[in-house]
Amino acid sequence: MAADGDPIALHTISDDVLAAKLARYKKLMNNFATLSQATKLEKVINRDHRETEQELQEIIEESQTRDNQEIRKLELRRTNLTSSLGKFHATLEQLSGSSESARQISARIRMIERERTLVHKTLQFIEQCRQLKYSISVVSSALEKNDHRLAANTIEKIRTLPPEVVESEFANRVVPCSEIPEQPAQLLKDWTSRLSEVFTEQFQHAAKAQDVEQLTSYFELFPKIGYAELGLEVYSKYVCDIIAGQSRKIMTGSTERRHMFYSKALLHLFKTVSTIINSHSQVISGCYGAKYMVHIMDKVQKEADLQAGIIWDTFMDVRRIEYLLAEIREWHEAQAQANKNHLHGAKPNSRPPPSSINELTMLISEYSAIFQHWSMYCRFFALKWDEFSQNTATELELPSLISEGKFSAKVTDSMSGFEQLVRHQLYRSFANAVDLEELPSLNDYLGPTPYDHEDLSSYPISSILEDLVLLIRVNLIATVNTGQKALLYKFSEALMRFIQTEFLIKVLQSRFKNIQPRLNPSLVLKKYLPSSDPTSVGMRSLSPKPVTQDTGKLSQFGFNFKSAATSTLTNLQSNIQSVYTDEESVLKLHHFLICVNTLSIGEVFFKRLLITEILEDQPQLLHSNFPFGRDATDVESVLRTLFGNIQTQGGKLLKWSLLQLFENMLKGKLKRLVAPMFVSGTDQEYICTAHDFENLSTLNLFLTQWKELILPFSNVLYKTAYIELISQMIDYLCEALEEKIWGIQCNELGGLKLDRELSLMITSLCGQHYFLREKFTRLSQLVLVLGLDDDDFDPATGDIKEETLSSINWILSAPERVRARNMRVDKRS
């Protein structure tokens with residue numbers, strides 16, 4: 001490339017062209033035949049030589065021209081660079097001089113700035129001394145006129161002055177005068193000491209006179225003179241005196257100690273403390289600073305702790321809590337010993353309980369209210385404490401001032417006593433509920449048509465459940481309202497033991513076991529018609545212990561009613577005695593079903609108590625009552641666990657009781673119902689023709705008898721118990737029908753009829769309960785295999801072909817499908 005960017009035309013003398021010419025020349029030379037050819041070649045070579053030489057000369061001349069132009073350009077640039085370099089050196093010399101000038105100017109500016117600062121400080125010092133002198137004269141004049149507020153405000157201004165001004169030698173010379181000769185620092189110290197005594201005296205005087213305006217006015221002056229701590233001390237004493245006075249007024253104002261007196265007294269005490277903290281926090285924060293509220297709250301809480309302890313001790317003494325707890329323990333020990341003696345034939349214990357149920361209930365409610373007021377106060381105090389101490393923790397924590405207080409210790413120590421009272425009241429009240437039990441009549445439910453239950457209350461249950469739910473609800477509310485997590489933990493454990501032992505085992509399970517011998521296949525669920533008093537039909541039975549009516553005075557003479565009932569099967573009895581025995585069994589069956597309903601509906605009631613009312617209907621209840629840390633979450637977990645345990649134990653007993661009902665009473669009836677099903681010809685075959693394919697009389701009879709059997713139970717039993725009973729019955733039907741089908745031989749029409757009958761049976765028996773249909777899956781697959789064509793089977797294996805096999809989730813195994821196929825008498829060999 002040339003310097004100016006144009007290409008050099010070297011194509012005529014390039015190496016490739018020369019090499020090509022040379023090769024051509026050599027070729028021609030090798031092919032010479034005459035001298036003339038060599039002469040011609042020489043002329044050509046000479047001509048090419050001259051042309052090439054001329055081209056090279058042109059190229060050289062052109063290259064020298066371009067090089068000369070480039071050299072001139074470079075010379076011109078060098079000249080320009082030399083000129084610029086000279087200017088650059090001149091500029092550097094100028095900058096060097098400017099830098100020196102700048103350093104000199106900067107030094108002079110700093111010097112002037114120091115002088116200005118010194119002048120300003122001097123001026124400020126003189127101005128502050130002048131202000132000090134003037135303020136001292138104002139304070140002196142204000143003190144002479146007893147204008148304490150003006151004096152305090154002026155002293156506050158003096159205190160804002162730097163100490164080096166007030167205590168300076170200059171101030172000590174220029175400020176004192178003939179009227180006020182003392183030095184400023186000493187004068188200020190004397191005045192503030194004197195005013196602190198005056199303010200304290202005036203504050204106390206205003207407190208005695210209950211002059212809140214004057215009291216507040218002097219309380220605001222303490223921090224102005226530098227005696228903020230003294231102001232807080234006198235104020236703390238003042239509010240503590242208010243708290244103590246209010247507490248004494250409540251405790252001594254009335255000689256009567258009616259129900260809830262002590263809880264109200266404690267509530268009034270906490271309200272007084274809360275009002276003091278709320279109403280005076282703005283004054284204290286404005287005059288002293290929010291941080292000083294922590295100091296006030298510390299003093300106030302100590303006084304509140306003292307007064308609350310006095311109220312608590314009085315409550316414990318007047319209500320005789322410790323004495324009552326001791327009596328309760330002795331009474332339970334006596335009851336336990338009496339029960340042991342009763343088992344050996346001794347007389348039952350006649351020792352009366354230590355207090356009435358009503359007295360216990362009132363005491364527990366007052367006890368609970370005291371805990372509740374304390375819990376509410378703790379939450380309020382903790383919130384205010386965090387606010388004034390500027391605590392940014394995400395979870396609310398109880399201040400150590402509360403948790404380590406004496407009253408908190410009293411509350412903690414008394415929790416076991418409260419839990420004993422609740423447990424005692426629960427057990428005794430439940431015992432009374434059992435003694436006063438009422439059982440409804442089932443006659444209204446046993447009509448020929450389905451009974452339409454409007455709601456949960458329309459199902460027949462024992463009055464024990466209603467009383468139990470009310471008892472648990474009252475005690476649960478009392479415990480939750482205490483706001484004490486430890487109490488709720490203990491109550492949940494005690495409640496689980498109580499429900500399991502007293503309600504599930506001692507009442508329901510024992511009654512199931514007592515009634516179980518009266519259940520037999522000949523017993524029918526029908527209306528109870530006592531022969532002695534027909535008018536009692538439809539009335540509520542008021543017998544305290546209806547399930548133990550079989551044992552009475554006859555048992556004392558060695559006569560066992562069960563033995564007598566058994567002997568009637570082999571001995572001749574009068575018709576009247578037989579009717580009486582049947583009706584008594586019917587009544588016992590009624591009682592059995594009422595207990596089943598009580599058990600199944602009890603789960604619904606317990607869920608309402610523990611889950612719906614507390615956790616779902618009032619989602620903020622636990623967070624309000626248990627505000628600290630993760631207490632609310634922990635309590636929720638305890639309640640859900642409690643309900644889960646109740647649900648599990650109740651479910652086991654419900655399943656067992658319905659199994660006894662099924663095994664002893666219904667299994668035999670179902671066996672008779674199933675006997676004529678799927679029979680055509682002999683018992684071992686189900687051969688069907690076109691003539692009897694549409695004959696479903698056997699199935700219709702079965703369904704009619706099934707409805708007659710199950711309708712009374714569906715009218716009486718709650719849905720969960722009814723579904724469990726139906727589930728057990730269908731389990732048996734599926735086993736019995738499968739066993740029956742495995743033992744028959746059928747033809748193609750027989751298999752199709754079996755499938756049709758089974759489908760109608762499943763629809764009628766299961767209704768809207770689709771999960772019950774799954775129980776017939778194995779039976780349905782068996783009947784399906786019986787109805788398949790020969791082409792659906794693989795001749796090699798005898799099993800169903802793969803395309804049909806893969807379309808269904810089979811429960812039947814391959815050998816069972818082959819066996820079912822072999823039950824067809826008309827299959828292709």
Side-chain angles (χ1 to χ4, degrees), residues 437-466 469 508 511-512 515 518-519 523-530 534-543 546-547 582-605 607-608 650 654-655 657-662 664-666 669-670 673 700 702-730 733 761 763-772:
E437 179 186 18
E438 295 182 355
L439 296 176
S441 171
L442 299 188
N443 288 349
D444 293 339
Y445 301 89
L446 301 178
T449 58
Y451 189 91
D452 185 16
H453 290 278
E454 297 178 356
D455 52 32
L456 202 63
S457 62
S458 63
Y459 288 94
I461 60 173
S462 169
S463 63
I464 290 179
L465 178 60
E466 298 171 344
V469 170
L508 295 180
R511 293 184 180 186
F512 287 142
I515 298 175
R518 304 298 293 268
L519 304 177
L523 187 60
V524 178
L525 179 55
K526 61 181 182 177
K527 293 184 178 181
Y528 169 60
L529 301 174
T535 61
S536 65
V537 176
M539 300 293 290
R540 292 176 66 88
S541 173
L542 302 179
S543 58
V547 296
D582 291 339
E583 291 302 324
E584 283 299 307
S585 296
V586 170
L587 179 61
K588 294 303 178 185
L589 176 59
H590 285 197
H591 291 168
F592 191 94
L593 296 181
I594 290 173
C595 289
V596 169
N597 267 357
T598 301
L599 182 57
S600 59
I601 293 178
E603 178 182 329
V604 180
F605 285 167
K607 183 176 181 179
R608 286 183 182 179
L654 178 65
K655 190 171 185 177
S657 63
L658 293 174
L659 181 62
Q660 301 308 310
L661 178 66
F662 168 74
N664 291 279
M665 176 180 171
L666 298 177
K669 291 181 172 59
L670 286 181
L673 292 183
N700 292 332
F702 170 83
L703 295 178
T704 300
Q705 293 175 338
W706 169 267
K707 291 179 181 178
E708 292 177 353
L709 174 64
I710 206 65
L711 178 62
F713 293 97
S714 67
N715 286 346
V716 171
L717 292 178
Y718 182 59
K719 55 186 178 181
T720 54
Y722 176 71
I723 292 299
E724 176 61 31
L725 180 62
I726 288 293
S727 180
Q728 293 181 6
M729 296 174 70
I730 288 180
L733 281 176
M761 179 185 294
T763 302
S764 300
L765 267 57
C766 299
Q768 300 298 322
H769 306 298
Y770 292 99
F771 72 95
L772 293 176

Just by modelled atom types, is the [Y] backbone N or O under 3.5 Å from a matching donor or acceptor in the [X] side chain?
X    : Y    : value
K669 : L523 : yes
T598 : S462 : yes
E583 : L529 : yes
Q728 : L659 : yes
H591 : V586 : no

task: Please report the C-alpha distance between E603 and L654 in whole Å, then the side-chain angles of each, then the deciding distance to 0.1 Å, and finally whether the side-chain contact (heavy atoms from CB on, under 4.5 Å) criterion is met.
output: CA-CA 10 Å; E603 178 182 329; L654 178 65; 5.8 Å; no
[X] versus [Y], closest heavy-atom pair with distance:
X    : Y    : value
I730 : C766 : CD1-SG, 4.2 Å
E438 : S463 : N-OG, 2.7 Å
L446 : P712 : CD2-CB, 3.8 Å
C595 : R511 : SG-CD, 3.9 Å
L525 : M665 : N-CE, 3.8 Å
F592 : S657 : CZ-O, 3.3 Å

Evaluate the side-chain proximity of [Y] to [X]: yes if any heavy-atom separation is below 4.5 Å, no if none is.
X    : Y    : value
L765 : L703 : yes
L725 : V596 : no
N597 : L465 : no
F702 : M761 : yes
V604 : T720 : no
L717 : S600 : no

- prompt: So L593 and Y445, side-chain contact (heavy atoms from CB on, under 4.5 Å) or not? Walk me through it.
  reply: CA-CA 12 Å; L593 296 181; Y445 301 89; over 6 Å; no
message: Show every side-chain hydrogen bond (donor to acceptor under 3.5 Å, both in side chains) that has at least one partner inside residues 706-716, sequence neighbours left out.
response: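 Of all non-adjacent pairs touching residues 706-716, none passes side-chain hydrogen bond (donor to acceptor under 3.5 Å, both in side chains).
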query: Of all residues at least two apart in sequence or in a different chain, which pass the side-chain contact (heavy atoms from CB on, under 4.5 Å) check with S727?
result: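 With sequence neighbours excluded, S727 shows a side-chain contact (heavy atoms from CB on, under 4.5 Å) to D731, L772, K775, given in chain and number order.
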message: To the closest 0.5 Å, what do you measure between CD1 (I726) and CZ (F713)?
response: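 The CZ atom of F713 is 9.5 Å from CD1 of I726, to the nearest 0.5 Å.
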message: Would you compute the distance between atom CG of L666 and atom CG of L661 and round it to the nearest 0.5 angstrom?
response: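 If we round to the nearest 0.5 Å, L666:CG and L661:CG are 5.0 Å apart.
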- prompt: Where does the angle between the aromatic ring planes of Y718 and Y459 fall among parallel (under 30°), tilted (30 to 60°) and perpendicular (over 60°)?
  reply: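 Y718 vs Y459 ring planes: perpendicular.
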field: Geometric class of the Y528/H590 ring pair [parallel <30°, tilted 30-60°, perpendicular >60°]
entry: perpendicular
Set of residues satisfying side-chain hydrogen bond (donor to acceptor under 3.5 Å, both in side chains) with respect to [X], sequence neighbours excluded:
X    : value
H769 : none
D455 : S457
S764 : none
T704 : none

field: Worked verdict on V716 versus Y451 for side-chain contact (heavy atoms from CB on, under 4.5 Å)
entry: CA-CA 8 Å; V716 171; Y451 189 91; over 6 Å; no
Derivation and outcome, side-chain contact (heavy atoms from CB on, under 4.5 Å), residues L442 and L589: CA-CA 10 Å; L442 299 188; L589 176 59; over 6 Å; no
